[in-house]
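Here the structure comes first, spelled out in C-alpha coordinates, and everything after it is commentary.
These numbers come from a predicted model, not from an experiment.
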Amino acid sequence: MTTHEAHLAEAVAIARRNVEDGGSPYGAVIVKDGAVVARAANTVHLTDDPSDHAEMVALRAASRTLGRDFSGAVMYASGQPCPMCHAAMRLAGFREGYFAYAAEEAETHGVGSAAIYGELCRPLAEQPMRLRQMRPEGASPYPAWAARTKA
(Lines give C-alpha, C1' and ligand atoms only; values in the text may rest on other atoms or scores of the structure.)
Protein backbone atom coordinates (compact mmCIF):
# COMPACT_ATOMS: atom_id res chain seq x y z
CA MET A 1 0.00 0.00 0.00
CA THR A 2 1.37 3.42 -0.95
CA THR A 3 1.48 6.34 1.49
CA HIS A 4 -1.34 8.04 -0.43
CA GLU A 5 -3.45 4.90 -0.20
CA ALA A 6 -2.79 4.57 3.52
CA HIS A 7 -3.83 8.16 4.28
CA LEU A 8 -6.91 7.83 2.09
CA ALA A 9 -7.81 4.57 3.84
CA GLU A 10 -7.59 6.42 7.15
CA ALA A 11 -9.96 9.13 5.90
CA VAL A 12 -12.42 6.43 4.84
CA ALA A 13 -12.10 4.69 8.23
CA ILE A 14 -12.89 8.00 9.95
CA ALA A 15 -15.97 8.33 7.72
CA ARG A 16 -17.15 4.82 8.54
CA ARG A 17 -16.75 5.45 12.30
CA ASN A 18 -18.65 8.71 11.91
CA VAL A 19 -21.60 6.88 10.34
CA GLU A 20 -21.56 4.44 13.28
CA ASP A 21 -21.60 7.45 15.64
CA GLY A 22 -24.63 9.00 13.94
CA GLY A 23 -22.83 11.34 11.56
CA SER A 24 -22.46 11.52 7.81
CA PRO A 25 -19.96 9.46 5.81
CA TYR A 26 -17.11 11.93 5.61
CA GLY A 27 -13.59 11.93 7.03
CA ALA A 28 -10.44 13.87 6.21
CA VAL A 29 -6.72 13.68 6.91
CA ILE A 30 -4.20 16.46 6.25
CA VAL A 31 -0.54 15.53 5.80
CA LYS A 32 2.45 17.84 5.49
CA ASP A 33 6.06 16.76 5.10
CA GLY A 34 5.03 13.15 5.63
CA ALA A 35 3.37 13.79 9.01
CA VAL A 36 -0.34 13.79 9.77
CA VAL A 37 -1.24 17.31 10.88
CA ALA A 38 -4.99 16.83 11.37
CA ARG A 39 -7.70 14.19 11.25
CA ALA A 40 -11.39 14.98 11.32
CA ALA A 41 -14.89 13.73 10.72
CA ASN A 42 -17.89 15.72 9.57
CA THR A 43 -19.43 17.13 12.78
CA VAL A 44 -22.53 18.87 11.41
CA HIS A 45 -24.70 16.39 13.32
CA LEU A 46 -23.07 17.51 16.59
CA THR A 47 -22.80 21.26 16.04
CA ASP A 48 -25.61 22.08 13.60
CA ASP A 49 -22.97 24.21 11.83
CA PRO A 50 -23.41 23.56 8.09
CA SER A 51 -19.72 24.36 7.51
CA ASP A 52 -18.43 21.60 9.80
CA HIS A 53 -17.55 19.28 6.94
CA ALA A 54 -14.63 16.94 7.60
CA GLU A 55 -12.28 18.93 5.38
CA MET A 56 -13.21 22.22 7.07
CA VAL A 57 -12.84 20.77 10.58
CA ALA A 58 -9.45 19.35 9.57
CA LEU A 59 -8.41 22.69 8.02
CA ARG A 60 -9.29 24.55 11.23
CA ALA A 61 -7.33 22.06 13.34
CA ALA A 62 -4.34 22.15 10.99
CA SER A 63 -4.37 25.96 11.00
CA ARG A 64 -3.80 25.91 14.75
CA THR A 65 -0.58 23.97 14.08
CA LEU A 66 0.56 25.34 10.72
CA GLY A 67 -0.80 28.86 10.79
CA ARG A 68 -1.32 29.83 7.16
CA ASP A 69 1.50 27.71 5.74
CA PHE A 70 -0.20 24.89 3.88
CA SER A 71 2.52 24.73 1.22
CA GLY A 72 3.17 21.11 0.42
CA ALA A 73 0.19 19.91 2.46
CA VAL A 74 -2.04 17.18 1.04
CA MET A 75 -5.73 16.65 1.79
CA TYR A 76 -7.13 13.13 1.86
CA ALA A 77 -10.92 13.00 1.95
CA SER A 78 -13.31 10.08 2.00
CA GLY A 79 -15.64 11.87 -0.39
CA GLN A 80 -15.14 14.40 -3.15
CA PRO A 81 -14.85 17.79 -1.45
CA CYS A 82 -17.94 19.94 -1.88
CA PRO A 83 -17.56 23.39 -3.49
CA MET A 84 -17.12 25.05 -0.05
CA CYS A 85 -14.38 22.64 1.01
CA HIS A 86 -12.75 22.68 -2.41
CA ALA A 87 -12.62 26.49 -2.36
CA ALA A 88 -11.28 26.54 1.22
CA MET A 89 -8.53 24.12 0.23
CA ARG A 90 -7.57 26.35 -2.70
CA LEU A 91 -7.65 29.48 -0.52
CA ALA A 92 -5.41 27.72 2.02
CA GLY A 93 -2.87 26.97 -0.70
CA PHE A 94 -3.32 23.23 -1.23
CA ARG A 95 -1.95 22.04 -4.53
CA GLU A 96 -2.78 18.37 -4.06
CA GLY A 97 -5.62 16.30 -2.70
CA TYR A 98 -7.15 12.84 -3.02
CA PHE A 99 -10.66 11.56 -2.45
CA ALA A 100 -12.12 8.06 -2.41
CA TYR A 101 -15.73 8.41 -3.53
CA ALA A 102 -17.23 10.78 -6.09
CA ALA A 103 -19.97 13.27 -5.26
CA GLU A 104 -22.26 11.62 -7.82
CA GLU A 105 -22.02 8.32 -5.94
CA ALA A 106 -22.83 10.08 -2.66
CA GLU A 107 -25.91 11.66 -4.22
CA THR A 108 -27.27 8.25 -5.23
CA HIS A 109 -27.39 7.52 -1.48
CA GLY A 110 -29.03 10.80 -0.49
CA VAL A 111 -25.92 12.67 0.60
CA GLY A 112 -23.52 14.89 -1.31
CA SER A 113 -23.41 18.08 -3.30
CA ALA A 114 -22.68 17.13 -6.92
CA ALA A 115 -25.51 19.29 -8.24
CA ILE A 116 -24.11 22.39 -6.56
CA TYR A 117 -20.97 22.25 -8.71
CA GLY A 118 -23.09 22.63 -11.84
CA GLU A 119 -25.29 25.30 -10.33
CA LEU A 120 -22.28 27.45 -9.39
CA CYS A 121 -21.11 27.41 -13.01
CA ARG A 122 -24.29 29.16 -14.15
CA PRO A 123 -24.63 32.96 -14.27
CA LEU A 124 -25.81 34.38 -10.92
CA ALA A 125 -29.27 35.13 -12.28
CA GLU A 126 -29.77 31.45 -13.19
CA GLN A 127 -28.70 29.95 -9.85
CA PRO A 128 -31.32 28.66 -7.39
CA MET A 129 -30.01 30.89 -4.58
CA ARG A 130 -30.40 34.51 -5.62
CA LEU A 131 -27.24 36.49 -5.05
CA ARG A 132 -27.28 40.07 -6.25
CA GLN A 133 -24.75 42.87 -6.04
CA MET A 134 -25.90 46.02 -4.24
CA ARG A 135 -23.07 48.53 -4.13
CA PRO A 136 -23.36 51.03 -1.24
CA GLU A 137 -22.20 54.60 -1.32
CA GLY A 138 -18.63 55.30 -0.30
CA ALA A 139 -15.27 53.77 -0.98
CA SER A 140 -14.66 50.07 -1.30
CA PRO A 141 -12.49 48.57 1.46
CA TYR A 142 -10.23 46.87 -1.12
CA PRO A 143 -7.90 49.82 -1.89
CA ALA A 144 -7.25 50.35 1.84
CA TRP A 145 -6.41 46.67 2.26
CA ALA A 146 -4.10 46.71 -0.77
CA ALA A 147 -2.31 49.82 0.53
CA ARG A 148 -1.86 48.24 3.96
CA THR A 149 -0.48 44.96 2.58
CA LYS A 150 2.00 46.74 0.28
CA ALA A 151 3.41 48.78 3.15
Original post:
Would Lys32 and Leu66 satisfy side chain to side chain contact (heavy atoms under 4.5 Å, CB included), going step by step from the backbone distance to the final call?
Top reply: CA-CA 9 Å; Lys32 183 173 177 174; Leu66 301 175; 4.0 Å; yes
Original post:
Would you call Arg132 and Leu124 a side-chain contact if the rule is heavy atoms closer than 4.5 Å?
Top reply: no
Original post:
Do you know which two heavy atoms are closest between Leu120 and Pro83, and how far apart they sit?
Top reply: CD1-CB, 3.5 Å
Subject >> Distance, nearest 0.5 Å, that separates CD1 of Ile30 from OG of Ser63 >> reply: 7.5 Å
Original post:
What closest approach, in Å, do Ala61 and Ala38 show between heavy atoms, and which atom pair accounts for it?
Top reply: CB-CB, 4.0 Å
**OP:** Decide side chain to side chain contact (heavy atoms under 4.5 Å, CB included) for Phe94 and Leu59; before the verdict, give the C-alpha distance in whole Å, the side-chain angles of both, and the deciding distance to 0.1 Å.
**Re:** CA-CA 11 Å; Phe94 280 83; Leu59 274 167; 3.4 Å; yes
Original post:
How long is the gap from CE on Met89 to CD on Glu55, to the nearest 0.5 Å?
Top reply: 7.0 Å
Original post:
Going from CG on Asn42 to OG on Ser51, what distance comes out if it is rounded to the nearest 0.5 angstrom?
Top reply: 10.0 Å
Original post:
If you count the non-hydrogen atoms of other residues, nucleotides and ligands that lie under 6.0 Å from CZ in Arg60, is the total more than 12?
Top reply: yes
Original post:
Quick one: does Asn18's side chain have a donor or acceptor within less than 3.5 Å of a partner on Pro25's backbone?
Top reply: no
**OP:** State, to 0.1 Å, how close Gly79 and Phe99 come at their nearest heavy-atom pair, and which atoms those are.
**Re:** O-CB, 3.5 Å
Subject >> Nearest atoms (heavy-atom pairs only) where Ser71 meets Asp69 >> reply: OG-OD1, 2.5 Å
**OP:** Can you measure from OH (Tyr98) to CD (Glu5) and round to the nearest 0.5 angstrom?
**Re:** 10.5 Å
Original post:
Going through the checks in order, is the side chain to side chain contact (heavy atoms under 4.5 Å, CB included) test met by Gln80 and Tyr117?
Top reply: CA-CA 11 Å; Gln80 183 176 354; Tyr117 275 102; 4.1 Å; yes
Subject >> Transitive ILVMFWY side-chain link Val36 to Val74, under 4.5 Å >> reply: yes
Subject >> Under 3.5 Å: donor-acceptor pair, side chain of Arg130, backbone of Ala125 >> reply: yes
Subject >> Residue pair Pro128 / Arg122, side-chain heavy-atom distance below 4.5 Å >> reply: yes
Subject >> Whether Glu104 side chain and Ala114 backbone form a donor-acceptor pair below 3.5 Å >> reply: no
**OP:** Give, for atom CZ of Arg16 and atom CG of Asp21, the distance between the pair rounded to the nearest 0.5 Å.
**Re:** 14.5 Å
Subject >> Atom of Gly27, atom of Ala15 and distance for their closest heavy-atom approach >> reply: N-CB, 3.6 Å
Original post:
Any idea which heavy atoms bring Tyr76 and Leu8 closest together, and the distance?
Top reply: CD2-N, 3.9 Å
Original post:
Under 3.5 Å, side chain of His53 to main-chain N/O of Pro50, donor-acceptor pair present?
Top reply: yes
Original post:
Going from CZ on Phe70 to CE on Met75, what distance comes out if it is rounded to the nearest 0.5 angstrom?
Top reply: 7.5 Å
Original post:
Short question: side chain of Thr43, backbone of Leu46 - any donor-acceptor pair under 3.5 Å?
Top reply: no
Original post:
Would you call Arg39 and Ile14 a side-chain contact if the rule is heavy atoms closer than 4.5 Å?
Top reply: yes
